[in-house]
Amino acid sequence: MADKPLPPWADQIPDGAFISYAPTYKVGEYFLRFHKDIYEPADFESLGYYFYDPTEHGFEKGHEYPLFLFLHGFTNALEGDVCINYAGAEFYAKDEYQKAFGGAYILIPLANEVRGADGKVTGSWEERHLKPIHDLVCEFINKHAAANGGVSKKFVFGNSRGATMCFKIVDAYTDFFNGLIPIGTSDISDDATLDRYDQNDIWLLFAIGKRDEFNNYEKEIVPRLPRLKRMKHCFILTPEWVYNGDHGIASINFGTEMGQHCLINPMHCNMMFDDGTPMEASLPDGVTGWLAKAIKG
């Protein structure tokens, strides 16, 4: 497309490949399945959050369901309802995805992000948010899920800065969560903490593109791969190229090329192309297939 900037890696793509400049799915199709609420702890500023309740969409009350906590990336809370999509949570409200798990709650806390007059954004996720997020999960279970039958296993998804928080919150509350899916971070927990993961039977799907624009794969990721591979329940997803649903290599440029950092887009679509074929042979049933296995444990 002549009006799109050419990504710096354009001369490296395989013969016959093409560049795709936007996800092929419709954003917002499932927003109406989510509610919005506010958590007001006594010792922290209030946190807005979105949630999805499977018992409102055909799943019986009186049963425990897993809970999926999604932590959005930097500036995403400024996007209104679109944050549901940017966090990677929207499609998990689809009937197809929900059936794969037998129903699941979805919870999306919102950082109190503010864009100043200088254009800089403050209030995004930091370590000080770990306890309030954990407490929000507990509050959500008591307020929304307990009367329906409660929550079984708890998984954390995180994208970009949210992926860093994904590791950090499971580091801090290893006996509370059952699994995590960090997408696009090099802030991998240290060896001793990963030992605790194994001791607690934590399931980890670690996902990052080899050409991620913000995380140096060779310097920051490769040295940690041997330890990840020794974990009891770790699936490592490091695609050579990040694709969109049309089989094109993803390019997204907001002043900075970040198409390969946005692995969240194909992960959001279950690592499946629009024609139903898997993007990764190692995930023939997509992310939902891995999650369903992890839930059964």
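This one's a predicted model, so the numbers in the text were calculated from it and none came from an experiment.
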Side chains of [X] and [Y] only: does a donor on one sit below 3.5 Å from an acceptor on the other?
X	Y	result
Glu56	His35	yes
Ser189	Asp171	yes
Thr256	Glu213	no
Thr24	Asp246	no
Ser186	Glu220	yes

May I ask you to check whether over 12 heavy atoms, not counting those of Glu45, lie within 6.0 Å of atom CD?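 Check passes, neighbour count above 12.
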Could you tell me whether Glu240 atom CD has more than 12 heavy atoms of other residues or ligands within 6.0 Å of it?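 Check passes, neighbour count above 12.
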Output yes when Asp81 and Lys36 qualify as a salt bridge under the 4.0 Å nitrogen-oxygen rule, no when they do not. no
Carboxylate-amine/guanidinium contact Asp195 Arg230, below 4.0 Å: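 Not counted as a salt bridge, because no side-chain N and carboxylate O are separated by less than 4.0 Å.
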Is it true that the NZ or CZ of Lys154 lies under 6.0 Å from the centre of Phe176's six-membered ring and within 45 degrees of the ring axis?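 Yes; both conditions hold, so Lys154 lies above the ring face of Phe176.
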Flag this pair as yes if the NZ/CZ of Arg211 is under 6.0 angstrom from the six-membered ring centre of Trp9 and inside a 45 degree cone about the axis; otherwise no.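 No, Arg211 and Trp9 do not form such a contact.
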Please verify the inter-ring angle class for [X] with [Y]; under 30° counts as parallel, over 60° as perpendicular, anything in between as tilted.
X	Y	result
Phe157	Phe70	parallel
Tyr52	Phe34	tilted
Phe273	His247	parallel

So, do [X] and [Y] have ring centers that fall under 6.0 Å from each other?
X	Y	answer
Phe140	Phe51	yes
His129	Phe44	yes
Phe91	His268	yes

Step-by-step salt bridge (charged side-chain N to carboxylate O under 4.0 Å, His left out) determination, Lys99 to Asp95: CA-CA 6 Å; Lys99 287 177 183 177; Asp95 294 342; 5.8 Å; no
For a side-chain hydrogen bond (donor to acceptor under 3.5 Å, both in side chains) with Tyr25, tell me which candidate from Asn265, Asn244, Asp274 qualifies.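 Of Asn265, Asn244, Asp274, side-chain hydrogen bond (donor to acceptor under 3.5 Å, both in side chains) with Tyr25 is met by Asn265 alone.
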Please determine whether residues Val27 and Tyr97 belong to a single hydrophobic cluster, defined as Ile, Leu, Val, Met, Phe, Trp and Tyr linked transitively by side-chain heavy-atom distances below 4.5 Å.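 In one cluster: yes.
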